Amino acid sequence: MGLLALGTALDWPQAKKRANQVRNWGIEQLLANWQRAKGKERDALLWGDEVEYLVVAVDDEAKKARLSLAQAEILKSLAQDEALWKAGTSSGQHDGEEPPHFHPEFGRFMLEATPGRPWGIDFKDLLKVESNMKWRRVVAKSHMAPNEYPITLTTFPRLGTKDDYIRPYYPPSGPALRSQFVPDEIANPHIRFPTLAANIRSRRGRKVELNVPVFKDKNTPQPFKDPTINYNLHNWPEDDDVRNGAAKDDHVYMDAMAFGMGSCCLQITFQAKNMTEGRKLYDQLSPLGPILLALTAATPIYKGFLVDTDVRWNQISNAVDDRTREELGEVPLQNDRWRIPKSRYASNSTYISQDPRLRKEYLDPDLTVDEDIKKRLMDDGMDELLATHFAHLFIRDPLVIFSEDLEKLDLNKADHFENLQSTNWQHMRFKPPPPEKDDIGWRVEFRSMEIQMTDFENAAFSIFIVLITRAILSFNLNFYIPIQRTTENMETAHARNAVLDRKFYFRKDPFSSHSPRRHQHSSNGSAISSAASSACNTPPPSPPLGPVESEYDFMTIEDIVNGSTDGTFPGLIPLVESYLNSVNVDVETRCSLARYLDLIRKRANGTLWTGAKWIREFVTSHSAYKQDSVVSEEICYDLVKAVDEMSVKEGRNGTIGWELLTGPGR
Ligand code: ADP
Ligand code: MG
Ligand code: MG
Ligand code: MG
């Protein structure tokens, strides 16, 4: 989380005046830190996951499930526990592992849990992840009221409806969010969060707008006009938004940051051995972002309606979109500096690796960059690729500024740098070592995945991504495609059932060095070892490069994950298997890992369902469902109970795996 400094937060008109100062100081901090850390070598290959939960309070008598705003109390109680652990007096030990860390999140109904210490490179660590995640859930639960549960749904199905879906109840609306659906009390009360929400709204000049296409069922009204919207409110100037057309027909309309930042996700951070390796991982993992988003799809409901999309991503993107009308291109540029094609929360737009395989055609030709900042960075010796990356992130304004921090620039800190860095929520994040901690290296964060309902799934996706990074480094894999294709893939991943029904741009030959020379693949993965060894030899002189378009294809996720039947692409799972073959993993570990890889394989070929599909089926086969897209309180209650039961049952059985995760009887 970071950035939980206390102080006087500036409202937007004040913050805007100091934006340049914060940006410039942030760049000076970045430069000082980069000079200090760029030669860091031999850092350990560590990694860590982040799991986010909704805290749901269940009322079995009334048959209602509600969000509980108990974050602060639960975290306080957890912190006391952590203190006991540190003192060695806690009874709740777990295989000698350090107690997990719990963090606050934007929603006052959310918790985040990370392992007690980052995982190491040892394969044995991979096998601890699932039980550690289950342990985290048990620990979290033990600090909740008896009727409260940590639920790993990405979004609460009835957030923002007219009923009393939060405990304690507060009516909308408040001065920070000005939402007609949710109260300000829905957000973490730490001054950072309401300020963030208010300053996004204020900078933008109106409320944020989320319009999600409704899922049209037999009895869904045509056209669908979101019946929960009140067009007659006059409490805030922003109440005009809906009268000015903010809500679209056939869409579920939402108007506040909480609808996006109140979603739960699964993030993985890797530490590289040095900056060069970190930059390579950043680039190579980037094209996988949309693929893993579609594979983990788990978000088919908003504000009490089934929607026609399967993932959360664009909703968060819109929920924190602070761009003005000028920046959006809705009116001519007059006061603002440039058009900005994407929200602060979006797929990433830069490649940063000094890799001979990175062709300039892969870069975004329309990238918006602050040229002065780029020049400042390059004047101090930063190379153009990395300078461009940061000069792109720094086109944004800092949103939350504490006046106390503006008195003196401290080059041994990263607070101003992090102010911009941590509010650029892209699907990859390149994390420089924090200046105050010498033992932390260059890290890369993979941020697109949706949280899964069970920890078996959360562990499987974490482990899969870890193994892919090992394969990328070991075989020097090349997944480069033009970065705009990844942006398009991100949109594609939103479609209902994209995992099976849609195709994605993906590079055909992951072994290609400089040239588009093709390797012959007789069957999945068989070319891997020869390609891996040929990568170590001096490459033959490269023939001229072919057109970039010939390097990638339009593939199904099944092709990408399991390999295409015509041998065009070997498949991510076969690549991981080849990697495991090349490193002598013992049989037992190999078998244990196979369970996780099997989940990914079967998710990709449709044998196992995504969470989104399972939730849809749960709703549409519920006896109270009226084929009208409405997810009623009763259905929501039963759904939450079923999801909790699934994760608890899983915990009890210990070894339970994907038999739970198939179709109807999941
Ligand atoms: P953020 O919310 O800013 O992404 P967190 O601190 O919540 O960061 O979580 C980052 C994850 O990175 C955690 O799982 C943590 O265990 C892990 N982690 C911490 N230190 C390292 C490190 N040096 N290398 C890799 N991972 C790390
Ligand atoms: Mg975190
Ligand atoms: Mg988080
Ligand atoms: Mg994170």
Side-chain angles (χ1 to χ4, degrees), residues 1-5 46-55 71-72 74-75 78-79 82 100-119 129 132-133 136-137 140 150-156 187-188 190 192-193 196-197 257-272 278 281-282 285-286 289 292-293 296 298-299 312-313 315-317 319-320 344-348 393 400 414 418-434 437 440 442-452 458 461-462 465-466 469:
M1 288 265 342
L3 281 183
L4 289 180
L46 302 176
W47 69 279
D49 64 85
E50 298 167 68
V51 171
E52 292 172 341
Y53 311 88
L54 303 174
V55 183
Q71 180 189 75
I74 297 168
L75 281 173
L78 280 160
E82 213 171 321
H101 298 302
F102 288 89
H103 315 262
E105 257 300 334
F106 177 85
R108 218 170 120 194
F109 49 83
M110 293 169 82
L111 289 179
E112 177 184 298
T114 54
R117 66 162 73 185
W119 305 108
V129 176
N132 186 278
M133 285 177 174
R136 281 180 239 169
R137 202 182 279 268
I151 300 289
T152 43
L153 284 170
T154 55
T155 50
F156 186 68
N188 184 326
H190 186 290
R192 176 179 147 71
F193 297 96
L196 191 56
M257 185 164 166
F259 287 106
M261 281 294 178
S263 331
C264 298
C265 59
L266 173 66
Q267 297 173 336
I268 314 291
T269 295
F270 303 95
Q271 178 166 290
L281 279 179
Y282 179 91
L285 288 173
S286 167
L292 270 293
L293 177 61
T296 55
T299 316
R312 77 201 188 288
W313 190 266
Q315 279 65 262
I316 312 184
S317 183
V320 292
R344 307 173 75 110
Y345 190 111
S347 62
N348 66 324
L393 298 187
V400 183
E418 284 295 336
N419 192 334
L420 275 302
Q421 159 98 339
S422 72
T423 52
N424 264 281
W425 297 279
Q426 303 191 338
H427 86 276
M428 301 296 307
R429 186 176 282 163
F430 186 53
K431 296 176 168 175
K437 290 208 182 110
I440 300 185
W442 293 91
R443 289 148 306 147
V444 168
E445 186 180 18
F446 188 76
R447 302 165 46 84
S448 64
M449 292 191 286
E450 307 235 307
I451 199 70
Q452 306 292 288
N458 287 316
F461 280 100
S462 305
I465 282 293
V466 173
T469 63

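Just follow the structure's listing: the first ligand is 1, and inside any ligand the first atom is 1. Values in this document were obtained by computation on a predicted structure and should not be read as measured data.
Relative orientation of the Trp119 and Trp47 rings is tilted, given thresholds of 30° and 60° on the angle between their planes.
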| query | Could you walk me through whether Phe446 and Leu292 pass the side chain to side chain contact (heavy atoms under 4.5 Å, CB included) check? | reply | CA-CA 10 Å; Phe446 188 76; Leu292 270 293; 3.9 Å; yes
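Checked against the Mg ion (ligand 2), the N, O or S atom of Glu112 at the shortest distance is OE2. Sorting the N, O or S atoms of Glu52 by how far they are from the Mg ion (ligand 3) puts OE2 first.
In this structure, Arg108 has no salt bridge (Lys or Arg N to Asp or Glu O under 4.0 Å) partners at least two apart in sequence or on a different chain. Residues satisfying the side-chain hydrogen bond (donor to acceptor under 3.5 Å, both in side chains) criterion with Ser462, sequence neighbours excluded, are absent altogether. Here Arg443 pairs with nothing under the salt bridge (Lys or Arg N to Asp or Glu O under 4.0 Å) rule; sequence neighbours left out.
No hydrogens or angles considered: nothing links the side chains of Thr155 and Arg312 as a donor-acceptor pair under 3.5 Å.
Note on the Mg ion (ligand 4): protein N, O or S atoms under 2.8 Å away count 4, no waters included.
Coordination check, Glu105 versus the Mg ion (ligand 2): failed, since every N/O/S atom of the residue sits at 2.8 Å or beyond.
Inter-residue side-chain proximity for Gln71 and Val55 is flagged as unmet; no heavy-atom pair is nearer than 4.5 Å.
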